[in-house]
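To start, the structure under review is shown below, and the notes come after it.
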Amino acid sequence: MRKPGYSLPAPLLAGLFLILASPALRAEEAPSPRPEKVVVYTAAAATTAVLPLLTALNEGWPRDAGGGTVEREVSEWKNLDDLRSLLLAGKGDVWAGHLETFARAAARGAPVRLISVCSWRKFYFVSAPLPLEAGAASRVPKNPAELARYLSGNKLPLPAAPRNSPAAGILAALAQKGGPAFSAEGYPGTQLLLELASGRIDAALLPEPLASAALEKNPALKIVGNLEEEYARAAGGPPELPQAGVAVNRDFAREFPELTVSLMDALKSAGKKLQRLSPEELVRLLPESTRENLGLTALENSFSRDPVRVENAADLALDISRFLKIAAPDLFGADDSPSPLPRDFIFRGGDASAPEGL
């Protein structure tokens with residue numbers, strides 16, 4: 001004999017199903033995954049490229065879904081060779097660095113996904129007074145073109161730091177567009193600063209904050225021009241190029257997409273806050289080692305030439321593609337397609353409407 005049963009009314013059953021299927025309850029049953037630790041690499045002696053990331057970390061990124069802070073391990077890479085090794089080995093979850101370095105590593109299979117751009121006006125020509133005209137007193141070149149004529153006429157290279165930086169590609173593209181032609185010779189940044197300070201080298205191309213540090217160490221040096229402005233003068237377009245930013249490990253982005261998006265948001269928010277600060281306040285946010293190595297005055301002056309600005313890489317795909325065609329043309333095929341680069345080199349955060357470009 002069947003025992004008497006009890007059945008719920010249909011409306012009640014439907015309500016119970018909606019409760020059990022609700023997103024809030026599902027989230028409790030299957031919380032978002034969280035990493036045990038996030039490994040972050042910033043750049044030694046960098047300013048605008050790392051300040052947004054340092055600010056995001058200081059303000060508590062990454063937090064898990066429950067609001068708890070995840071353990072972080074923060075280190076610095078020392079030079080571009082060091083950064084390349086980290087990227088190719090997939091060592092780390094988040095990196096601050098050069099876009100060109102990120103792209104070249106990604107083309108070789110490194111698990112790199114670019115999320116933000118933080119640096120735009122990096123490279124400056126500096127020069128001491130030079131014997132530009134026979135029989136005339138030495139003077140500082142009026143512009144990069146005059147500096148290029150002097151160096152070329154004397155069969156001298158243009159010392160440039162750091163070695164293997166995107167500046168070499170931009171200089172080559174500048175000459176192809178009819179601008180000043182330079183033969184660049186790469187130097188480590190610290191060595192070039194010492195050579196300029198001692199007067200053994202009279203002119204160079206340096207990124208900020210090294211350019212401001214060089215002027216501080218040798219008052220005879222003056223700014224002759226900005227590389228990005230010079231390229232825009234020859235080729236057209238805005239006097240800035242998206243040159244450095246923040247990237248995440250591809251595996252981290254796949255496993256923790258919410259944290260990756262939250263980092264993009266934290267960087268953008270940090271950029272807006274930093275733009276409201278004075279150079280003196282910005283310098284106080286830099287690591288103590290950077291302040292000691294380069295000096296407070298040089299760092300403060302550098303922010304007048306290299307302002308803080310943060311943009312999501314997904315919003316700048318075409319600009320990034322344009323920059324890479326200038327700085328790393330070997331990454332592009334005959335039809336300008338970035339065939340060696342993965343199509344998801346730029347992390348789009350699931351936004352299918354983000355402009356294509358890479």
Side-chain angles (χ1 to χ4, degrees), residues 43-49 76-83 98 119 121-168 170-171 180-228 230 279 283 286-306:
T47 51
T48 52
E76 292 181 341
W77 53 266
K78 304 305 179 185
N79 53 52
L80 291 179
D81 289 335
D82 187 20
L83 175 59
H98 293 258
S119 292
R121 292 170 56 84
K122 294 302 296 181
F123 290 95
Y124 285 83
F125 299 93
V126 303
S127 178
L130 300 171
L132 300 172
E133 301 165 5
S138 295
R139 61 177 176 83
V140 175
K142 295 178 182 178
N143 49 49
E146 196 168 48
L147 175 60
R149 285 194 295 271
Y150 169 80
L151 294 175
S152 176
N154 290 275
K155 295 181 171 53
L156 295 173
L158 174 69
R163 280 178 173 165
N164 303 318
S165 80
I170 302 172
L171 285 172
F182 293 92
S183 175
E185 181 179 357
Y187 278 76
T190 301
Q191 180 185 348
L192 187 50
L193 278 182
L194 291 174
E195 299 285 349
L196 288 166
S198 67
R200 289 190 293 268
I201 288 179
D202 295 320
L205 179 67
L206 293 164
E208 284 294 356
L210 294 184
S212 291
L215 269 60
E216 183 73 11
K217 294 177 182 297
N218 184 351
L221 295 170
K222 305 297 179 187
I223 295 290
V224 173
N226 171 261
L227 177 59
E228 292 85 351
E230 201 65 23
V283 169
L286 292 169
E288 183 177 354
S289 59
T290 302
R291 299 197 303 269
E292 290 179 352
N293 291 336
L294 296 176
L296 301 182
T297 301
L299 289 168
E300 290 169 7
N301 292 337
S302 75
F303 284 113
S304 67
R305 286 182 274 267
D306 182 21

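By convention here, the first residue in the shown sequence is residue 1. These numbers come from a predicted model, not from an experiment.
Although no hydrogens or angles enter the test, the distance criterion places a donor-acceptor pair under 3.5 Å between the side chain of E146 and the main chain of K142. In this structure a side-chain-to-backbone donor-acceptor pair under 3.5 Å is missing from N226 to F125. N301 places a side-chain N or O within 3.5 Å of a backbone atom of T297 that can act as its donor or acceptor partner. With hydrogens and angles disregarded, no donor-acceptor distance shorter than 3.5 Å links the side chain of S152 to the backbone of A148. Looking only at distances, no side-chain donor or acceptor of S302 sits under 3.5 Å from a matching main-chain atom of E208.
Considering all non-hydrogen atoms of both residues, S127 and V224 come closest at CB-CG2, 3.6 Å. In this structure, L205 and A167 approach most closely via the heavy-atom pair CD2-CB, 3.9 Å. Between P144 and E230, the shortest heavy-atom distance links the atoms CG-OE1, 3.5 Å. Shown here for A128 and P141, the closest heavy-atom pair between the two residues is O-CD, 4.1 Å. For A184 against L171, the heavy-atom pair with the smallest separation is CB-CD1, 3.8 Å. For the residue pair A49 and S119, the shortest heavy atom distance occurs at N-OG, 3.3 Å.
Here the CG atom belonging to L299 is positioned 11.0 Å from the CG atom belonging to D306, to the nearest 0.5 angstrom. Note: I223 CD1 to L215 CG = 5.0 Å, rounded to the nearest 0.5 Å. Atom OH of residue Y187 and atom CG of residue L158 lie 10.0 Å apart, to the nearest 0.5 angstrom. The CG atom of L132 sits 9.5 Å away from atom CG of N154, with the distance rounded to the nearest 0.5 Å. Atom CG of L193 sits about 6.5 Å away from atom NZ of K217, to the nearest 0.5 Å. Distance check, rounded to the nearest 0.5 Å: CH2 of W77 to CG of L83 gives 5.0 Å.
Between K122 and S165, the closest side-chain pair of non-hydrogen atoms is not below 4.5 Å. Side-chain contact between E195 and P159 is absent, with no heavy atoms from C-beta onward closer than 4.5 Å. With contacts defined as side-chain heavy-atom distances shorter than 4.5 Å, the pair L130/L147 qualifies.
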F303 vs T48, test: side-chain contact (heavy atoms from CB on, under 4.5 Å). Steps then yes/no. CA-CA 8 Å; F303 284 113; T48 52; 4.1 Å; yes

For side-chain contact (heavy atoms from CB on, under 4.5 Å), just list the numbers for R121 and R305, CA-CA rounded to whole Å, side-chain angles, deciding distance to a tenth of an Å, and then say yes or no. CA-CA 7 Å; R121 292 170 56 84; R305 286 182 274 267; over 6 Å; no

Using the side-chain contact (heavy atoms from CB on, under 4.5 Å) rule, take R291 and V283 through it: C-alpha gap first, then chi angles, then the decisive distance, then the call. CA-CA 7 Å; R291 299 197 303 269; V283 169; 3.9 Å; yes

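Paired with L196 under the rule side-chain contact (heavy atoms from CB on, under 4.5 Å), one option of D202, L210, I201 passes, and it is I201.
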